[in-house]
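Let me begin by presenting the structure, written as structure tokens, before commenting on it.
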Protein chains: 2
Amino acid sequence: MKNGPDIAEVAALIGDPARANILAALMSGKALTASELAAEAGVTRATASSHLSKLQNGGLLAARSQGRHRYFTLANAEVGNVLETLMGLAARQGQLRTRTGPKDVAMRQARVCYDHLAGDLSVRMFDSLTSAGVFAHGPKGLGLTDAGRARMVEFGIDFTPLDSARRPLCRSCQDWSERRSHLAGGLGAALLSRFYDLNWARRVPDSRVVTFTPKGVRAFNEAFPLA
Amino acid sequence: MKNGPDIAEVAALIGDPARANILAALMSGKALTASELAAEAGVTRATASSHLSKLQNGGLLAARSQGRHRYFTLANAEVGNVLETLMGLAARQGQLRTRTGPKDVAMRQARVCYDHLAGDLSVRMFDSLTSAGVFAHGPKGLGLTDAGRARMVEFGIDFTPLDSARRPLCRSCQDWSERRSHLAGGLGAALLSRFYDLNWARRVPDSRVVTFTPKGVRAFNEAFPLA
DNA sequence: TTCATAGTTCGATCTTAATCGAACCATCGC
DNA sequence: GCGATGGTTCGATTAAGATCGAACTATGAA
């Protein structure tokens, strides 16, 4: 009778409001302490601690102790992907909700998805790179063509840490606002931090929003033109 | 404090074991009656009815009454996508579970994802079509090139119902077993039913598994060769 | 009409788990 | 050493909701 793995278990973990708030806060990619997450979830430290251990036990969170603090992050990008997908569904069938707030617009344009970029800009980048022949489908999943790799090197991506990591280089991730995929994986993360380094973009504190400077937008569009 | 839509709500809906069983059963794409779903979830008709109304209310299920029966299906392919993604996560972090059962192998190769094909074969098809230049990324999402459309027509796809439907033609859907995307949307559904028509594949009753005949596999590999 | 089956509604029961305060442990700063 | 802060554990409380049987409605069959 039973075949598939226990989808109910993980859904139930996400299904509690306090835990959902914790997970949503961690979608920013920043590591947060237990107290910060308690505040974020609007709950005492005691209950937050309970939730955090459950989430960690369920494989959704990773924790590392540092001094007397305990920093939590999403266990991996896959968890972020699931959360994005769920947000997409929730947004869709809550059709009657207020559509576009001012902050909402910024979120739709560019936001952090755990450790890489999501939103309109990210989707456009993915399209641009795809039609430029940067990606190749291999037996191990999405990969880079030789030309694509060269182009990324030229853009300033350092492949040495990426190649030695056991994390896949390219991965597609469902986008929350657009109904498309964007680039995740090690390369996706590296590109986002490259944007920061180039001063094209900056994080808005306490938010998933990423703002691009005017210069940054121009450069971005030039680097990733639409076909 | 609140921005994103209520992810916890939908997750909680999926998080109950009985409801998860109901949803899993409907991933087969078949419309099932309330009693059948009650049996599937291992619960009385009374409780099933309660669950079903909650799921429908939450926008996850669609129902249509026919005679004294009430047939339920997933509300749309997006819901199927979310369930697949969740299964992927659940499978991954339930690492210790028995890996590959015999039925599991068949599931990984080819299965129904609500109304289109998923699994290894489906991913390979998506790759093949992609590198053959069938798809184009437009502002409205994934689309077909002229050549791609011609090729699909030649393969026997009738576009008249697809073009008039408000459902998007091409959509990517996260794959449960592979960590990749495969083709969903109207075209994905049309291709699957075309495979049935050509007698390449057949549904295994009471299961999501799709078995390809030896002839079907040959023809499939010929029609969608790997680059 | 009468009976059977599909499905929903209702009320009652019962289990689960979220929550908090308080006590407790660990680490840092002094 | 001593206090202060971050975090977990424990016990008790409480609220939510999953479950069932029984009554009720509606459709179809005889």
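Since the structure is predicted, the reported quantities are computational estimates derived from the model, not experimental observations.
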Can you tell me the distance, in whole Å, between the [atom1] atom of [X] and the [atom2] atom of [N]?
X	N	atom1	atom2	value
Asn57(A)	dA17(C)	CG	C1'	16 Å
Arg70(A)	dT8(D)	CZ	C1'	9 Å
Leu52(B)	dA6(C)	CG	P	15 Å
Phe72(B)	dA6(C)	CZ	P	14 Å
Tyr71(B)	dT27(D)	OH	C1'	13 Å
Leu13(A)	dT16(C)	CG	C1'	15 Å
Gln56(A)	dG7(D)	CD	C1'	13 Å
His69(B)	dT25(D)	NE2	C1'	16 Å

Report the nucleotide, chosen from dA4(D), dT27(D), dT8(D), that has the shortest atom-to-atom distance to any side-chain atom of Arg68(B).
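Nearest listed nucleotide: dT27(D).
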Degree of bending, the helix from dT1(C)-dA30(D) to dC30(C)-dG1(D) (end axes from five pairs; round to 10°):
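Inter-axis angle at the termini of the helix from dT1(C)-dA30(D) to dC30(C)-dG1(D): 30°.
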Given protein heavy atoms under 4.0 Å, the one-letter contact record of nucleotides 17-24 of chain D, with B base, S sugar-phosphate only and - none, is simply -SBBB---
Does CZ belonging to Arg203(A) count more than 12 external heavy atoms closer than 6.0 Å?
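Result for CZ/Arg203(A): enclosed.
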Quick check: are there more than 12 heavy atoms from other residues, nucleotides or ligands sitting under 6.0 Å from CZ of Arg202(A)?
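Counting other residues, nucleotides and ligands, CZ of Arg202(A) stays at 12 neighbours or fewer.
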Classify the nucleic acid contact of Ser53(A) as base, sugar-phosphate or nothing, counting any heavy atom under 4.0 Å across all strands shown.
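Nothing, no heavy atom under 4.0 Å.
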For the CG atom of Leu83(A) and the CG atom of Leu74(A), what is their distance to the nearest 0.5 Å?
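So the gap between those two atoms works out to 6.5 Å.
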Taking atom SG of Cys173(A) and atom CZ of Arg180(A), what is their separation to the nearest 0.5 Å?
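So the SG of Cys173(A) and the CZ of Arg180(A) are separated by 13.5 Å.
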If you compare all heavy atoms of [X] against all heavy atoms of [Y], which two are closest, and at what distance to 0.1 Å?
X	Y	answer
Ala190(A)	Leu162(A)	CB-CD1, 4.1 Å
Gly119(A)	Arg111(A)	CA-NH1, 3.5 Å
Tyr114(B)	Leu26(B)	CD1-O, 4.2 Å

Give a yes-or-no answer on whether the side chains of Glu36(A) and Thr33(A) include a donor-acceptor pair shorter than 3.5 Å.
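A donor-acceptor contact under 3.5 Å links the two side chains.
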Do Ser65(B) and Arg70(B) have side-chain N/O donor and acceptor atoms under 3.5 Å apart?
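Yes - a donor-acceptor pair under 3.5 Å links their side chains.
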